[in-house]
Protein chains: 2
Amino acid sequence: MKKSAVRERILEVASRLFYEQGYNLTGINQIIEEADIARASLYNHFDSKTDLLLAYLKEAEDIWFLEMENYTARSSDPKEKLLALFDFRMERQNKRGFGGCQFIKISAEVSRQDTQVFDAVSHQKNRLKVFITDIVKDLPDNNRLLTHGLLADALFLLLEGAAISGSIYKNQESMTKAKEIADKLI
Amino acid sequence: MKKSAVRERILEVASRLFYEQGYNLTGINQIIEEADIARASLYNHFDSKTDLLLAYLKEAEDIWFLEMENYTARSSDPKEKLLALFDFRMERQNKRGFGGCQFIKISAEVSRQDTQVFDAVSHQKNRLKVFITDIVKDLPDNNRLLTHGLLADALFLLLEGAAISGSIYKNQESMTKAKEIADKLI
DNA sequence: GTCTATAACCAGATAGAC
DNA sequence: GTCTATCTGGTTATAGAC
């Protein structure tokens with residue numbers, strides 16, 4: 001294999017295991033074994049397990065928005081675009097076995113004082129909020145129950161709530177309901 | 001101290017640490033130290049750390065509903081009662097330093113195959129859903145945007161989403177917004 | 001029932017050969 | 001840069017004295 005591919009392979013394996021098993025339940029040993037590399041090679045590319053976690057979060061955010069923006073780009077109508085956001089997460093959760101949001105999951109696993117991790121997670125959530133808000137602005141001014149500001153908040157909270165709820169019940173019912181509600185609100 | 005108080009003290013300390021630090025980051029050592037008991041005493045009252053976790057979840061659910069029902073009992077009007085649910089969680093999150101929902105947090109820390117834990121968590125969530133649904137039924141039949149069924153789902157998802165979001169941002173803004181939205185929907 | 005001591009194991013991280 | 005061997009300190013759980 002290529003030398004530079006090692007780092008990618010570590011991240012690939014770590015990403016999978018951190019999501020499937022959890023960060024704390026995934027040991028360095030398992031990562032080096034499944035990535036088929038030597039112990040010290042990992043520490044050559046990452047300073048520590050925490051450093052690997054932060055790299056994972058950063059890469060995960062990039063991939064998440066790439067896929068999300070690609071998915072919702074199919075629709076040009078603002079309302080359709082917003083509803084596609086629910087479909088995106090539904091499809092994603094289906095594919096990934098209803099493990100919930102990977103960013104939220106990590107935030108529940110680290111110490112509350114771990115500002116680096118919480119900064120990374122809130123960065124992703126902020127970016128999603130901005131994405132939603134920008135589309136809501138393009139909506140025609142019908143007489144809605146909620147103002148544009150509150151509507152954007154509602155959509156965000158419904159998405160997050162449904163992602164969590166789906167991960168508990170291990171099915172897509174929550175996200176389906178959330179989309180139904182969103183459809184009425186928009 | 002009383003003999004029978006030992007079990008209570010273990011649960012008390014474990015509850016605090018599981019929430020503050022996380023389940024996986026809390027070792028048996030720290031629990032026995034802070035509860036000021038012997039190692040084997042813990043294993044006399046609980047078969048394993050997992051057993052202690054399940055006892056924690058059970059007790060936590062009982063306490064949660066006791067406090068919640070007590071809090072919302074102040075209001076007799078159905079709409080006020082539903083909105084009080086948001087106040088309850090806001091107050092609770094304020095007191096507990098925005099660590100998020102304790103049940104969700106645990107579900108993010110254990111293996112996805114740990115059915116005992118996921119059953120305990122979904123039990124608590126189902127009970128909350130039933131509580132909400134029962135009150136929604138008592139609402140007068142105004143011409144609302146959402147049917148009673150969808151309204152109950154919306155309130156549940158808003159609560160869960162706001163709890164999560166608040167735990168990321170470490171403030172009560174999410175729950176305040178959620179209550180504002182709920183106020184319009186009901 | 002509570003205690004101390006210890007077993008058996010696994011974690012993250014590093015040293016030094018190549 | 002990658003390897004193997006090792007260090008140190010952590011974990012859960014148990015044995016046996018009192």
Side-chain angles (χ1 to χ4, degrees), chain A residues 1-58 105-106 108-117 120, chain B residues 1-57 105-106 108-111 113-117 120:
Chain A
M1 86 254 166
K2 292 177 190 173
K3 282 185 186 176
S4 57
V6 173
R7 191 190 141 97
E8 294 308 309
R9 202 140 38 84
I10 295 172
L11 267 175
E12 199 180 299
V13 171
S15 298
R16 178 169 52 80
L17 295 178
F18 286 173
Y19 187 66
E20 297 291 329
Q21 307 181 342
Y23 172 71
N24 285 316
L25 295 178
T26 300
I28 293 286
N29 293 325
Q30 191 181 4
I31 295 174
I32 63 170
E33 194 185 330
E34 297 203 15
D36 198 33
I37 53 153
R39 196 167 198 72
S41 287
L42 188 148
Y43 284 97
N44 188 29
H45 289 282
F46 301 96
D47 289 344
S48 63
K49 194 190 175 190
T50 304
D51 189 43
L52 174 57
L53 172 62
L54 292 171
Y56 155 67
L57 288 173
K58 182 165 168 34
K105 199 171 153 60
I106 292 294
E109 286 203 77
V110 300
S111 161
R112 214 173 290 186
Q113 283 78 34
D114 196 330
T115 51
Q116 287 186 297
V117 166
Chain B
M1 87 249 167
K2 293 175 189 172
K3 282 185 185 177
S4 58
V6 173
R7 191 191 141 98
E8 292 309 309
R9 201 139 40 86
I10 295 172
L11 267 175
E12 198 180 301
V13 170
S15 298
R16 178 168 52 81
L17 294 178
F18 287 172
Y19 187 66
E20 298 290 330
Q21 308 181 339
Y23 171 71
N24 285 315
L25 295 178
T26 301
I28 293 286
N29 293 327
Q30 192 182 2
I31 295 174
I32 63 169
E33 194 187 329
E34 297 203 16
D36 198 33
I37 52 153
R39 196 166 200 73
S41 288
L42 188 147
Y43 283 96
N44 188 29
H45 288 281
F46 302 96
D47 289 344
S48 63
K49 194 190 173 189
T50 304
D51 188 41
L52 174 57
L53 173 62
L54 292 171
Y56 156 68
L57 287 173
K105 199 172 154 60
I106 293 295
E109 286 202 78
V110 301
S111 162
Q113 283 79 34
D114 196 331
T115 50
Q116 287 187 297
V117 166

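In this text, all values refer to a predicted model and were calculated from it rather than measured experimentally.
- B:Y56 pairs by the ring pair (Phe, Tyr, Trp, His ring centres under 6.0 Å) definition with B:F18, not counting sequence neighbours.
- For A:T26 (side chain) and A:L17 (main-chain N/O), a donor-acceptor pair under 3.5 Å exists by modelled atom type.
- The B:I28 side chain lies nearest to D:dT12 when the options are C:dC3, D:dT12, D:dT2.
- Between the side chain of A:E109 and the main chain of A:N24, a donor-acceptor pair closer than 3.5 Å is present.
- The side chain to side chain donor-acceptor pair (under 3.5 Å) pairs that include a residue from residues 11-20 of chain A are A:R16-A:E34, where partners are two or more places apart or lie in different chains.
- Across residues 46-56 of chain A, A:S48, A:K49 each have a non-hydrogen atom less than 4.0 Å from an atom of DNA chain C (numbered order).
- For the pair B:Q30 and B:Q21, the minimum side-chain heavy-atom distance is below 4.5 Å.
- Atom CZ of A:R9 and atom P of D:dT2 are 10 Å apart (whole Å).
- If you take CD1 of A:I31 and P of C:dC10, they are 17 Å apart, rounded to a whole angstrom.
- Residues A:S111 and B:L25 approach most closely at N-CD1, 4.0 Å, considering heavy atoms.
- Nucleotide D:dT12 holds its P atom 10 Å from the CG atom of B:L42, rounded to whole Å.
- In this structure, the nucleotide among C:dT14, D:dT2, D:dA15 sitting nearest to the side chain of B:A40 is D:dA15.
- To the nearest angstrom, P of C:dT2 lies 16 Å from OH of B:Y43.
- Applying the 4.0 Å criterion to OP1 and OP2 of C:dA11, one finds that A:N29 has a side-chain N or O inside that range.
- What separates CG of A:N24 from P of C:dC10 is a distance of 17 Å, to the nearest Å.
- Cation-pi check for A:K49 over A:Y23 is met; the charged atom lies under 6.0 angstrom from the ring centroid and within 45 degrees of its normal.
- When rounded to the nearest whole Å, the span between CG of B:N44 and C1' of C:dC3 equals 11 Å.
- Across the protein-nucleic acid pair, B:Q30 atom CD and D:dG9 atom C1' stand 16 Å apart, rounded to whole Å.
- Rounded to whole Å, the distance from CD1 on B:I37 to P on C:dC3 is 7 Å.
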